[in-house]
Number of protein chains: 2
Amino acid sequence: MRLNREQVLTAALDLLDEVGLDQLTMRRLSTALGVQNGATYWHFRSKSALLEAMADELLAGVAAVPAGPWDVRVTDLARRLRRALLSRRDGARVYSAVFFPLPNALAYGDAMIGALLEAGLSPRDAAWTADTVTYHVVAHTIEHQLASAGEGPERLTAAVSPYPNLAAAIEFVPAPHPDEHFEHGLRLIVTGIRAETPTPAGPDR
Amino acid sequence: MRLNREQVLTAALDLLDEVGLDQLTMRRLSTALGVQNGATYWHFRSKSALLEAMADELLAGVAAVPAGPWDVRVTDLARRLRRALLSRRDGARVYSAVFFPLPNALAYGDAMIGALLEAGLSPRDAAWTADTVTYHVVAHTIEHQLASAGEGPERLTAAVSPYPNLAAAIEFVPAPHPDEHFEHGLRLIVTGIRAETPTPAGPDR
DNA sequence: ACCTGAACACCGTTCAAGT
DNA sequence: ACCTGAACACCGTTCAAGT
């Protein structure tokens with residue numbers, strides 16, 4: 001049973017889809033590969049090194065957005081990151097479990113900051129604004145992927161009844177429309193960027 | 001060694017400060033309390049039930065904001081949630097590890113949606129906008145608390161060198177100014193809300 | 001009502017030894 | 001170079017039995 005690094009990584013992502021992050025275990029992975037327990041450690045130093053590689057594999061290609069106006073590129077990058085995280089079960093949680101950015105995550109950050117620099121932001125504001133966009137993408141996707149796996153809305157509906165404003169909004173809280181929910185926040189942030197940016201040359205719009 | 005639920009909860013929060021979330025273990029908690037392993041299970045059904053209680057304890061009082069203009073209340077609520085999460089080591093990760101909202105989290109959500117309804121948003125937009133604000137608070141705080149514990153910036157500086165836009169912004173990426181970083185994103189989002197809201201009565205501002 | 005003692009079914013990681 | 005076999009040092013959870 002000769003393995004290479006790529007086979008281990010592919011099997012790990014398949015196992016993730018099958019059992020989810022909480023059940024993704026070095027031992028289950030070895031079993032799925034038909035090898036003994038310690039065999040995977042020859043290819044990856046540790047479980048967290050494997051998770052880093054999985055996260056970066058998830059993000060392959062997200063930074064490859066076409067040229068265009070800055071706001072289109074920002075929106076496009078955010079959507080592509082979201083799609084990438086949705087491509088595997090618990091993808092967003094895998095991404096957020098990794099502290100250190102690998103090449104595809106760096107390329108995404110670079111492209112996002114690049115678009116914001118072209119919008120006229122300072123390097124500082126571009127870096128911080130990129131973070132706010134990314135927080136929205138990742139946190140929204142984590143919440144959505146957790147909700148898909150979680151319990152029904154009955155418990156929430158009951159818990160919410162003493163809170164008048166929550167009760168008025170309850171049908172949108174578990175977000176039965178994840179795409180619109182995501183787009184709403186993304187549009188909100190891009191509107192904020194535009195409002196804070198000194199309008200560049202051009203008569204209007 | 002007679003315990004009650006509150007003593008277990010207090011000890012758990014103290015242990016969290018001492019060792020961090022990853023080392024917070026039912027067994028270490030029992031040892032800290034001077035009891036046997038299974039004793040804590042009489043007071044909390046499971047570790048996740050204990051984490052739920054810890055998360056809600058963290059959020060005590062965050063919803064108690066004074067009356068005032070909607071944007072002041074939104075900003076105030078976001079800052080108070082951040083302060084609450086910062087009050088304990090890994091507080092933001094504890095909060096995000098809990099799927100189901102307990103009373104203090106519900107009260108926070110209710111107050112946030114209430115402020116946004118007064119801004120003139122529909123229930124749907126208020127619920128979704130509240131989420132975007134909260135994503136920023138929680139994700140920013142998780143990142144900040146992880147960075148405080150993590151490695152130095154050397155590895156990041158090296159990794160970033162092939163990426164021109166990241167390199168230009170690198171000094172702000174590990175965020176040596178967490179307060180300004182947080183306020184930047186919060187202001188951005190509130191600006192976005194204001195820009196999307198049909199301006200209410202009043203001549204200007 | 002609340003705790004002990006002991007077990008069950010797992011984990012990640014390491015490492016000599018094999019091929 | 002790559003894997004086996006076996007161990008080490010842990011986990012969360014359960015539960016009869018004690019007081």
| field | Euclidean distance for C1', C:dC2 against D:dA16 (whole angstrom) | value |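 The answer is 14 Å between these two C1' atoms.
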| task | Determine the interatomic distance between P on C:dA9 and the same-named atom on D:dA9; round to the nearest Å. | result |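 So the two P atoms sit 23 Å from each other.
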| message | Atom CD of residue position A:Gln7 - does it have more than 12 heavy atoms of other residues, nucleotides or ligands inside 6.0 Å? | response | yes
| message | Around atom CD of B:Glu180, are there more than 12 heavy atoms from other residues, nucleotides or ligands closer than 6.0 Å? | response | yes
| query | Near DNA chain C, which residues from residues 11-22 of chain A have a heavy atom under 4.0 Å away? | reply |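 Nucleic-acid contacts, sorted: none.
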| Separation of atom CG in A:Leu33 from atom P in D:dT4, rounded to whole Å |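 About 10 Å, once rounded to whole Å.
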Just wondering, do [Y] and [X] contact through their side chains at under 4.5 Å, heavy atoms?
X: A:Arg93; Y: A:Leu146; answer: yes
X: A:Leu24; Y: A:Leu51; answer: yes
X: A:Thr132; Y: B:Tyr135; answer: no
X: A:His144; Y: A:His181; answer: no
X: B:Thr40; Y: B:His43; answer: no

| note | Base-pair string, DNA chain C, Watson-Crick plus G-U, cut-off 3.5 Å on both distances, | for inter-strand, is ||.|||||...|||||.||
| query | Any salt bridge between A:Asp14 and A:Arg88, counting N to O under 4.0 Å? | reply | yes
| request: Using a 4.0 Å cut-off on protein heavy atoms (strictly under), produce a 5'-to-3' string for nucleotides 12-19 of chain C with B for base contact, S for backbone-only sugar-phosphate contact, and - for none. | output: BBB-----
| note | Picking from D:dC2, D:dT4, C:dC3, the nucleotide nearest the side-chain atoms of B:Trp42 would be C:dC3
| message | Does D:dA1 have OP1 or OP2 under 4.0 Å away from a side-chain N or O of A:His43? | response | no
| said: Does C:dG5 have OP1 or OP2 under 4.0 Å away from a side-chain N or O of B:Gln36? | reply: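 Yes, within the criterion.
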| task | For the residue pair B:His177 and A:Trp128, categorise the inter-ring angle as parallel (less than 30°), tilted (30 to 60°) or perpendicular (more than 60°). | result |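 Ring orientation of B:His177 relative to A:Trp128: perpendicular.
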| said: Tell me if a side-chain donor or acceptor on B:Asn37 pairs with a main-chain N or O of B:Arg27 at a distance below 3.5 Å. | reply: no
| request: Could you verify whether a donor N or O on one side chain and an acceptor N or O on the other, from A:Thr134 and A:Tyr108, lie under 3.5 Å apart? | output: yes
